[in-house]
Amino acid sequence: MLESRLIWYKHYDLWCEEIIDQYNEPPFWIIELATTKYIPDAVRIVNEYAYSEPFEQFSRNNDLFVACFFIRYERDEISWATFLENAGKYTDGNDAKVDCSYFFSMLNDYEDTEFSNKVEKLQSKKVYKEFISEIKEMQHYYNPFISYFKNYVENRG
């Protein structure tokens, strides 16, 4: 969610504070994340924790990146063209359920129709249907951060 910019410090700041308040000795990475606003640094902090010992097996799921970008599109944070370009980049040469050409050919069609609303609606329905399980999974993880964001804006805005 961080790397796709679905969330940023206004989403995770109060989440970190909540964790810090719960422990006498909170994890250092949470303290470090709580003081970090720059997204690349936040991504680095989380990745260093996730990939540190003891090592657990998990794979980087590029389909979840697509889902994050789709949620951003649905929230009107990014355009359909931006979604297609980002999804194409993240699936290019990576393990994903569709090849990058799936998104890049849609982008070509969308551009060729001069960004037709009709084409956008048809394509977005097709993508939603293809990635429905990943979108729902990421929405599940994202939903709690919406409250943290709203509280941050109300209290620190």
Side-chain angles (χ1 to χ4, degrees), residues 1-19 29-30 32-50 58-157:
M1 289 189 296
L2 279 169
E3 199 167 335
S4 69
R5 301 198 189 295
L6 180 58
I7 65 169
W8 59 93
Y9 77 93
K10 290 182 180 182
H11 290 89
Y12 63 74
D13 184 76
L14 294 176
W15 175 78
C16 290
E17 282 189 21
E18 192 174 284
I19 293 171
W29 74 273
I30 293 289
E32 190 176 15
L33 184 61
T35 62
T36 303
K37 291 184 178 182
Y38 183 57
I39 296 267
D41 286 345
V43 169
R44 177 190 50 78
I45 290 164
V46 171
N47 282 340
E48 283 176 359
Y49 169 73
F58 64 93
S59 63
R60 183 178 169 100
N61 187 337
N62 290 298
D63 296 332
L64 296 178
F65 276 96
V66 172
C68 288
F69 291 131
F70 194 86
I71 293 168
R72 290 188 64 203
Y73 162 72
E74 284 184 318
R75 293 176 42 80
D76 293 325
E77 292 177 22
I78 60 174
S79 70
W80 184 242
T82 300
F83 164 78
L84 292 171
E85 184 175 356
N86 285 335
K89 286 178 183 176
Y90 272 89
T91 57
D92 187 16
N94 291 312
D95 186 30
K97 68 166 52 175
V98 297
D99 185 74
C100 65
S101 62
Y102 175 86
F103 298 108
F104 289 135
S105 65
M106 280 188 188
L107 180 57
N108 287 336
D109 293 343
Y110 186 51
E111 291 170 340
D112 290 348
T113 62
E114 297 179 331
F115 306 98
S116 161
N117 286 334
K118 182 179 177 183
V119 170
E120 177 181 342
K121 297 226 181 304
L122 290 171
Q123 288 179 346
S124 65
K125 285 180 184 178
K126 181 179 179 181
V127 170
Y128 182 79
K129 188 175 181 180
E130 181 70 39
F131 287 88
I132 190 168
S133 64
E134 292 83 2
I135 293 167
K136 287 184 177 187
E137 179 180 351
M138 290 315 300
Q139 194 68 55
H140 171 76
Y141 293 126
Y142 173 63
N143 284 342
F145 286 99
I146 295 170
S147 297
Y148 288 112
F149 176 84
K150 288 179 181 177
N151 288 336
Y152 184 95
V153 171
E154 287 175 12
N155 298 315
R156 299 188 181 170

Apply salt bridge (Lys or Arg N to Asp or Glu O under 4.0 Å) to [X] and list each qualifying residue two or more places apart in sequence or on a separate chain.
{"X": "K126", "value": "none"}
{"X": "E74", "value": "none"}
{"X": "E130", "value": "none"}

- Item | All side-chain hydrogen bond (donor to acceptor under 3.5 Å, both in side chains) counterparts of S133, not counting sequence neighbours | none
- Who passes side-chain hydrogen bond (donor to acceptor under 3.5 Å, both in side chains) against E111, sequence neighbours left out? none
Side chains of [X] and [Y] in contact at under 4.5 Å (non-hydrogen atoms):
{"X": "Y9", "Y": "I39", "result": "no"}
{"X": "K118", "Y": "T113", "result": "no"}
{"X": "F70", "Y": "F131", "result": "no"}
{"X": "R75", "Y": "Y142", "result": "yes"}
{"X": "Y110", "Y": "E120", "result": "yes"}

- Message: Which residue in the set D13, D41, V46 passes side chain to side chain contact (heavy atoms under 4.5 Å, CB included) when paired with L33?
- Response: V46
- Message: I'd like to know if the side chain of N155 and the backbone of N151 have a donor-acceptor N/O pair within less than 3.5 Å.
- Response: yes
- Output yes when a side-chain donor or acceptor of D92 lies under 3.5 Å from a complementary backbone atom of G88, and no otherwise. no
- Message: Taking the ring of Y90 and the ring of F103, is the distance between their centroids below 6.0 Å?
- Response: no
- Run the side-chain hydrogen bond (donor to acceptor under 3.5 Å, both in side chains) check on E17 and Y148 step by step: do they pass? CA-CA 10 Å; E17 282 189 21; Y148 288 112; over 6 Å; no
- Query: Between E134 and K97, is there a salt bridge with N-O shorter than 4.0 Å?
  - Reply: yes
- Message: Within a 6.0 Å radius of atom CZ on F115, are there more than 12 heavy atoms belonging to other residues, nucleotides or ligands?
- Response: yes
- Please identify each residue that fulfils ring pair (Phe, Tyr, Trp, His ring centres under 6.0 Å) with Y102, with sequence neighbours left out. none
